[in-house]
Chemist: 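Mind looking over this structure? Questions follow.
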Amino acid sequence: MQKDAGLGKIYASGMLFNICYLMFAVLIPLDAVHEHLAVWMVGVLAAIPGVMQLPSRILSGPLVDWLGERFVLRMTFMLALGAALAVVGGQIAPMAGLVLGQLFMGAARGFFWTAAQTGASRDPDHRAQHLGMFTSFTKGGALIGIALSGLLAQLLGIMGGFALTGGLGFLALIIGWVLPKHVSAARPQKLWEAVRALAPAMHKPFIILNGLVALLCALPQALAQSFYPVVLIHRGLSDPTASLMTALMSFGMIVAGLLGAGAIRRWGMKHIVEGGAALLAIGLAGTAWHNLIGTAMAIFAAGFAAGVLNIAFLSAVSSRSRDGDRGTNLGVTQIYFVLAMMLTPLISGWLFAASGSAAAFLVDGGLAAAVGLVVMVLWNWSEPKSRTTVGETA
């Protein structure tokens, strides 16, 4: 029962945190649009969290392996609360407040995923099922955060929306404070021992392969936090409607979270990754279509593909890890995710300014297809038992 209670608290706090940080993420470009900032500046603001997210993601694994996920989750939720306070309290120098808030939220995002995913993947008999539920809860939070951000900005004002994210971060912190403690008996005795395991993990073939899959997962999520709402507003939609349509990405991930574990058992990890990468490329490229129904379908398809790929790479990495190094392996794998979250808005912003939104989304789709092909080429090198072991243990 303690295990189930712990999982429920991870699901609940993760959902609250995702409402908080996705609302925060969408309010940033909405604020930039209303302040008439240049479109390339939207990309810069959206990429700023990566400055802190990359080092925090790297350190998150060793910290989880050394101190356990409860400690890291508490730190995560305090940073999320601090991000809101930085923006709301920084109105004397608004741009400085936005930058500081993005840095705090970037650090929170870096620490959160490794800690929460480690906690959700401990049970080897139901790993993919628990990770699927975790994906559905967190992406449910993302859907709520994205869908409501435009409406809340309209009703409460941008600063009121940011203040609400602080309240959600505080609620997540309350739940995080009562999480059960779980520290592996095989944990490193000192932080340096945990950090020292980072370099060997970076060279493991299955980490490299699944890192590329994580990179694919990041592409539509980065666009949802930057250019999906901006492009939809430029196409004539209101803030609430644009955020609702952007939330279709999260809805796709929720559906994938419910179906992903069964799909992996039925078709195997390799076929799921192949299909997910192909659907992701089609969904990203399809957003170039100016028909709103077609755009909505493309955003949903990209989100669904990202959700399936998310469960696949998390299951594969956690199943090939021990309690003493699972956090480190998950953290290193998701360095690729963070790099994609940083580079996607920058590249898309430059393409948007230079060639328009259609060209930007077509290039994003082409890049996804290219990464998917690389994953398939590397599969047998990195997953020699993929037809049996990986699929079954997921």
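Note that the numbering runs from 1 along the sequence shown for the chain.
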Chemist: To the nearest 0.5 Å, what is the distance between CD1 (Ile144) and CD1 (Ile254)?
Modeler: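 Answer for the CD1-CD1 pair, Ile144 versus Ile254, is 7.5 Å.
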Chemist: Is there a side-chain contact between Lys270 and Asn380 (heavy atoms, below 4.5 Å)?
Modeler: yes
Chemist: Are Asn210 and Thr333 close enough that a side-chain donor and a side-chain acceptor fall under 3.5 Å?
Modeler: no
Chemist: Give a yes or no on whether Phe71 and Val64 share a hydrophobic cluster (residues Ile, Leu, Val, Met, Phe, Trp, Tyr; joining criterion: side-chain heavy atoms under 4.5 Å apart).
Modeler: yes
Chemist: What is the minimum heavy-atom distance between Ser60 and Thr114, and which atoms define it?
Modeler: OG-OG1, 2.8 Å
Chemist: Looking at every non-hydrogen atom in both residues, tell me the closest pair between Val88 and Met159 and how far apart they are.
Modeler: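 The answer is CG2-O, 3.9 Å.
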Chemist: Would you tell me whether Gln334 and Gln117 have side-chain atoms, one donor and one acceptor, within less than 3.5 Å of each other?
Modeler: yes
Chemist: Could you measure the distance from the OG atom of Ser238 to the CD1 atom of Ile233? Nearest 0.5 Å is fine.
Modeler: 8.0 Å
Chemist: Looking only at heavy atoms, which two atoms of Ala242 and Pro229 are closest? And how far apart?
Modeler: CB-O, 4.0 Å
Chemist: Do Arg109 and Ser56 have side-chain atoms, one donor and one acceptor, less than 3.5 Å apart?
Modeler: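 Absent: no donor and acceptor within the cut-off.
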Chemist: Could you measure the distance from the CG atom of Leu215 to the CZ atom of Phe337? Nearest 0.5 Å is fine.
Modeler: 9.5 Å
Chemist: Mind telling me whether Tyr21 and Trp113 have parallel, tilted or perpendicular rings, with 30° and 60° as the class edges?
Modeler: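 Judged by the thresholds at 30° and 60°, the geometry between Trp113 and Tyr21 is perpendicular.
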Chemist: Could you give the distance from CG (Leu339) to CE (Met342), rounded to the nearest 0.5 Å?
Modeler: 6.5 Å
Chemist: Taking the side chain as every heavy atom from C-beta outward, state whether Phe313 and Met269 have any pair of such atoms under 4.5 Å apart.
Modeler: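 A side-chain contact is absent here, since even the closest heavy-atom pair is not under 4.5 Å.
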Chemist: Parallel, tilted or perpendicular: which describes the rings of Phe77 and Phe112, with under 30° parallel and over 60° perpendicular?
Modeler: tilted
Chemist: State whether the number of non-hydrogen atoms from other residues, nucleotides or ligands found under 6.0 Å of Phe251 atom CZ is greater than 12.
Modeler: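 No, the 6.0 Å shell around CZ holds no more than 12 heavy atoms from other groups.
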Chemist: If you measure from CZ on Phe111 to CE on Met75, what distance do you get to the nearest 0.5 Å?
Modeler: 4.0 Å
Chemist: Keeping Thr241 on the side-chain end and Leu237 on the backbone end, is there a donor-acceptor pair under 3.5 Å?
Modeler: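 No, Thr241 side chain to Leu237 backbone: no donor-acceptor pair under 3.5 Å.
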Chemist: Quick one: closest heavy-atom pair of Met245 and Leu292, and the distance?
Modeler: CE-O, 4.0 Å
Chemist: Counting only heavy atoms not in Met297, do more than 12 sit closer than 6.0 Å to its CE atom?
Modeler: no
Chemist: If you measure only the distance, is there a donor-acceptor pair under 3.5 Å linking the side chains of Thr344 and Asp364?
Modeler: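 No, no side-chain donor-acceptor pair sits under 3.5 Å.
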Chemist: I'd like to know if the side chain of Arg70 reaches the main chain of Leu179, judged simply by a donor and an acceptor atom lying under 3.5 Å from each other, with no hydrogens or angles considered.
Modeler: yes
